[in-house]
Amino acid sequence: QVQVGESGGGLVQAGGSLRLSCAASGRRFSFFVMGWFRQAPGEEREFVAAINANGDSTHYADSVKGRFTISRDNAKNTVYLQMNSLKPEDTAVYSCAALTYSSISTMSSEYAVWGQGTQVTVSS
């Protein structure tokens with residue numbers, strides 16, 4: 001059973017950058033699609049980005065395309081979300097999640113394992 005935990009959130013000014021990390025336990029990490037989602041206060045959770053098991057395929061929400069980059073290091077059981085050109089509307093709790101089959105999905109309901117989340121706050 002894989003478990004995941006996020007780190008790297010914080011407070012940043014608009015236009016700044018942050019890199020989130022998601023460390024996973026378990027020997028099957030390299031088999032899982034990994035995704036990042038976010039949830040702002042009063043809003044539904046929304047898909048941000050996902051990466052397939054070997055890291056050669058990614059998918060992004062339109063709202064972050066060109067600004068965020070998802071990557072993974074299977075040797076370190078870690079997935080990253082590099083966030084550049086941050087905007088106040090990016091403020092949310094960001095969570096990583098593991099999808100225990102091979103196809104990238106944007107649907108949070110298909111992800112079986114979730115971290116606690118890390119707060120990202122972008123000031124204007």
Side-chain angles (χ1 to χ4, degrees):
Q1 179 71 17
V2 68
Q3 293 181 316
V4 298
E6 306 88 345
S7 62
L11 173 64
V12 63
Q13 288 188 330
S17 298
L18 281 174
R19 188 176 81 156
L20 306 183
S21 298
C22 173
S25 64
R27 289 175 289 180
R28 295 184 60 81
F29 172 79
S30 62
F31 292 90
F32 298 149
V33 167
M34 297 297 296
W36 285 97
F37 291 79
R38 67 187 181 185
Q39 188 167 20
E43 301 290 333
E44 293 188 355
R45 179 182 285 164
E46 66 171 349
F47 170 79
V48 175
I51 188 167
N52 71 343
N54 62 16
D56 64 357
S57 180
T58 58
H59 186 71
Y60 297 91
D62 287 344
S63 59
V64 306
K65 202 172 293 183
R67 300 188 298 123
F68 291 11
T69 302
I70 188 171
S71 62
R72 67 191 295 162
D73 184 339
N74 285 344
K76 296 182 178 179
N77 276 16
T78 302
V79 63
Y80 305 97
L81 185 68
Q82 177 66 44
M83 305 185 296
N84 299 328
S85 302
L86 282 161
K87 305 174 181 180
E89 52 263 43
D90 294 318
T91 295
V93 174
Y94 284 71
S95 299
C96 70
L99 179 58
T100 57
Y101 54 89
S102 60
S103 299
I104 285 178
S105 173
T106 64
M107 303 293 293
S108 61
S109 58
E110 296 187 359
Y111 287 75
V113 180
W114 289 84
Q116 298 277 9
T118 186
Q119 176 71 46
V120 171
T121 303
V122 184
S123 63
S124 57

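On a predicted model such as this, the values are computed, not experimentally measured, just so you know. Residue numbers count from 1 along this sequence.
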Any donor-acceptor N/O pair, [X] side chain to [Y] backbone, under 3.5 Å:
{"X": "N74", "Y": "N77", "result": "no"}
{"X": "T58", "Y": "I51", "result": "no"}
{"X": "Y111", "Y": "S105", "result": "yes"}

[Y] side chain reached by [X] side chain, heavy atoms, under 4.5 Å:
{"X": "V113", "Y": "F32", "value": "no"}
{"X": "Y60", "Y": "T69", "value": "yes"}
{"X": "R38", "Y": "V120", "value": "no"}

Report the distance from atom [atom1] of [X] to atom [atom2] of [Y], rounding to the nearest 0.5 Å.
{"X": "F68", "Y": "S85", "atom1": "CZ", "atom2": "OG", "answer": "9.0 Å"}
{"X": "R45", "Y": "M107", "atom1": "CZ", "atom2": "CE", "answer": "12.0 Å"}
{"X": "E89", "Y": "S124", "atom1": "CD", "atom2": "OG", "answer": "10.0 Å"}

Identify the residue among K87, Q82, M83 that makes a side chain to side chain contact (heavy atoms under 4.5 Å, CB included) with R67.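 When K87, Q82, M83 are each tested with R67, the side chain to side chain contact (heavy atoms under 4.5 Å, CB included) holds only for K87.
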
Between E6, Q39, Q116, which is the residue that forms a side chain to side chain contact (heavy atoms under 4.5 Å, CB included) with S95?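 So the option named by the test is E6.
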
Treat each ILVMFWY residue as a node, draw an edge where side-chain heavy atoms are under 4.5 Å apart, and state whether [X] and [Y] are in one component.
{"X": "V122", "Y": "V64", "value": "yes"}
{"X": "V2", "Y": "L99", "value": "no"}
{"X": "V33", "Y": "W36", "value": "no"}
{"X": "L81", "Y": "L86", "value": "yes"}

Among residues two or more places apart or on two chains, list those pairs meeting disulfide bond (SG atoms under 2.5 Å apart) that have a residue in residues 38-74.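 Of all non-adjacent pairs touching residues 38-74, none passes disulfide bond (SG atoms under 2.5 Å apart).
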
Quiz: residues 7-26 side-chain donor-acceptor pairs under 3.5 angstrom, not counting sequence neighbours:
residue : atom : partner : partner atom : Å
S17     : OG   : N84     : OD1          : 2.9
S25     : OG   : Q3      : N            : 3.3

Cationic tip of R72 above F29 ring, under 6.0 Å, 45° of axis: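 Yes, R72 sits over the ring of F29.
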
Whether F37 and W114 hold their rings parallel, tilted or perpendicular, with breakpoints at 30° and 60°: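 Ring orientation of F37 relative to W114: tilted.
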
Smallest separation among heavy atoms of I104 and S57, with atom names: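 I104 and S57 have their closest heavy atoms at CD1-O, 3.5 Å.
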
Apply side-chain hydrogen bond (donor to acceptor under 3.5 Å, both in side chains) to R28 and list each qualifying residue two or more places apart in sequence or on a separate chain.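 side-chain hydrogen bond (donor to acceptor under 3.5 Å, both in side chains) list for R28, sorted by chain: empty.
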
